[in-house]
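What follows is one structure encoded as structure tokens, with my remarks underneath.
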Amino acid sequence: PGEISPAKIMEGVNNDLCADNSARLFITAICAILNVQTGVLVYCNVGHPKAYIKPDKGQATSLPVTDKGLLGYFRNKTFRDNTAQLNSGDYFLLYTDGVTEAQNKQKELFGSQRLETLLAAAVDKPADLCATIVGALNRYSAGIEQSDDITVLVARYQTDGEAK
């Protein structure tokens with residue numbers, strides 16, 4: 001009781017977006033709340049590309065999408081929370097679909113496999129991982145105007161008090 005729920009936040013956002021939306025526009029989104037004491041991440045993903053947790057050393061794992069719906073399309077829709085555990089040193093990656101849907105001159109998508117390959121590389125700081133992904137996207141789609149936004153957000157969970 002009294003705790004903030006990402007699913008409840010998304011339900012409120014959804015209803016706000018549904019109001020006066022005669023154009024029937026919609027969005028996808030992730031809302032996440034991290035308990036910085038325990039590393040427990042509670043999130044609600046409504047139709048957005050899957051997020052990733054990448055250990056400091058090791059393979060990145062994707063977080064399941066909690067809801068395949070959309071925000072702003074159906075009023076009074078309910079959504080679900082899911083949880084994940086971050087350990088000290090883990091990276092948390094969010095990105096828009098413009099990353100995986102970026103195209104090269106042959107109209108081939110960048111795709112999630114290329115993104116996952118980039119996540120396997122060792123990095124020191126969140127900014128390094130962002131730069132690696134954006135650099136690879138720029139090389140892949142050189143000279144091609146993209147049809148969607150490209151946004152990458154990386155955070156690192158640290159419990160030892162050392163800023164990274």
Side-chain angles (χ1 to χ4, degrees), residues 1-14 16-17 26-72 77-102 109-141 146 148-164:
E3 288 188 27
I4 299 172
S5 160
K8 293 297 180 201
I9 292 170
M10 295 293 244
E11 290 167 8
V13 168
N14 178 62
D16 287 348
L17 290 172
F26 61 87
I27 64 170
T28 65
I30 293 178
C31 179
I33 300 172
L34 174 65
N35 181 322
V36 295
Q37 305 299 320
T38 65
V40 172
L41 180 79
V42 180
Y43 70 96
C44 178
N45 181 341
V46 181
H48 204 68
K50 56 190 172 188
Y52 287 91
I53 295 176
K54 181 201 180 318
D56 189 27
K57 296 185 179 26
Q59 188 75 17
T61 56
S62 62
L63 299 180
V65 173
T66 55
D67 292 279
K68 294 182 181 180
L70 305 165
L71 294 173
K77 188 153 172 39
T78 59
F79 300 110
R80 298 173 293 127
D81 286 327
N82 204 351
T83 60
Q85 179 66 51
L86 284 110
N87 298 305
S88 186
D90 285 355
Y91 296 87
F92 179 55
L93 170 73
L94 298 171
Y95 59 98
T96 58
D97 59 357
V99 171
T100 51
E101 293 174 4
L109 299 179
F110 187 78
S112 57
Q113 185 61 47
R114 282 184 182 85
L115 179 60
E116 290 173 8
T117 298
L118 293 171
L119 291 176
V123 292
D124 289 326
K125 298 179 182 176
D128 295 340
L129 183 52
C130 284
T132 296
I133 294 167
V134 171
L137 280 168
N138 288 338
R139 288 187 298 279
Y140 186 80
S141 61
Q146 297 305 310
D148 205 348
D149 66 296
I150 294 176
T151 304
V152 178
L153 172 74
V154 179
R156 188 169 190 199
Y157 177 64
Q158 289 290 129
T159 59
D160 61 5
E162 180 182 336
K164 295 276 183 173

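Numbers for residues simply follow the sequence, beginning at 1.
Checking side-chain atoms of R156 against main-chain N and O of D56 turns up no donor-acceptor pair under 3.5 Å. Using a distance-only test at 3.5 Å, with no hydrogens or angles considered, a donor-acceptor pair links the side chain of Y95 to the main chain of K50. For the pair D97 (side chain) and P49 (backbone), a donor-acceptor distance under 3.5 Å is absent. Not one N or O on the side chain of Q59 forms a donor-acceptor pair closer than 3.5 Å with the backbone of L119. Put simply, the side chain of S88 gets close to the backbone of T159: a donor and an acceptor are under 3.5 Å apart. Checked by atom type and distance alone, the side chain of S141 never pairs as donor or acceptor with a backbone atom of A102 at under 3.5 Å. Looking at T151, its side chain never comes within 3.5 Å of a backbone N or O of T96 through a donor-acceptor pair.
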Next item on the list: Give the C-alpha distance, both sets of side-chain angles, the deciding distance and a yes or no for side-chain contact (heavy atoms from CB on, under 4.5 Å) between Q85 and V40.
Entry: CA-CA 5 Å; Q85 179 66 51; V40 172; 3.4 Å; yes
Check: Taking it one step at a time, do T78 and E11 satisfy side-chain contact (heavy atoms from CB on, under 4.5 Å)?
Finding: CA-CA 6 Å; T78 59; E11 290 167 8; 3.6 Å; yes
Check: Given N14 and V46, is the side-chain contact (heavy atoms from CB on, under 4.5 Å) satisfied, shown in steps?
Finding: CA-CA 10 Å; N14 178 62; V46 181; over 6 Å; no
Notebook entry, point to check: Could you go step by step and tell me if L93 and K54 meet the side-chain contact (heavy atoms from CB on, under 4.5 Å) rule?
Noted result: CA-CA 8 Å; L93 170 73; K54 181 201 180 318; over 6 Å; no
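Of the inter-residue distances, the one linking N45 atom CG with F79 atom CZ reads 10.5 Å to the nearest 0.5 angstrom. To the nearest 0.5 Å, atoms CG (D81) and CG (D67) are separated by 9.0 Å. Atoms OG1 and OH, on T83 and Y43 in that order, are 7.5 Å from each other to the nearest 0.5 Å. We find the CZ-CG distance between F92 and L41 to be 4.5 Å, quoted to the nearest 0.5 Å. Interatomic distance, L86 CG to I53 CD1, rounded to the nearest 0.5 Å: 4.0 Å. Atom-to-atom distance recorded for Y52:OH and L129:CG is 12.0 Å, nearest 0.5 angstrom.
Listed here is the closest heavy atom pair of P126 and A155: CG-C, 4.3 Å. Of all the heavy atoms in L71 and A29, the pair that sits closest is CD1-CB, 3.7 Å. Of all non-hydrogen atoms in G47 and V65, the two that sit nearest each other are N-CG1, 4.0 Å. Residues G98 and I150 share a closest heavy-atom pair of O-CG1, 3.5 Å. Nearest heavy-atom pair, V154 versus C130, reported as atom, atom and distance to 0.1 Å: CG2-SG, 3.5 Å. Taking every heavy atom of both residues into account, V99 and F110 meet most closely at O-CB, 3.5 Å.
Within a 6.0 Å radius of OH in Y140, more than 12 heavy atoms belonging to other residues, nucleotides or ligands are found.
Within the 4.5 Å cutoff, no side-chain heavy atoms of T100 are placed close to those of L109.
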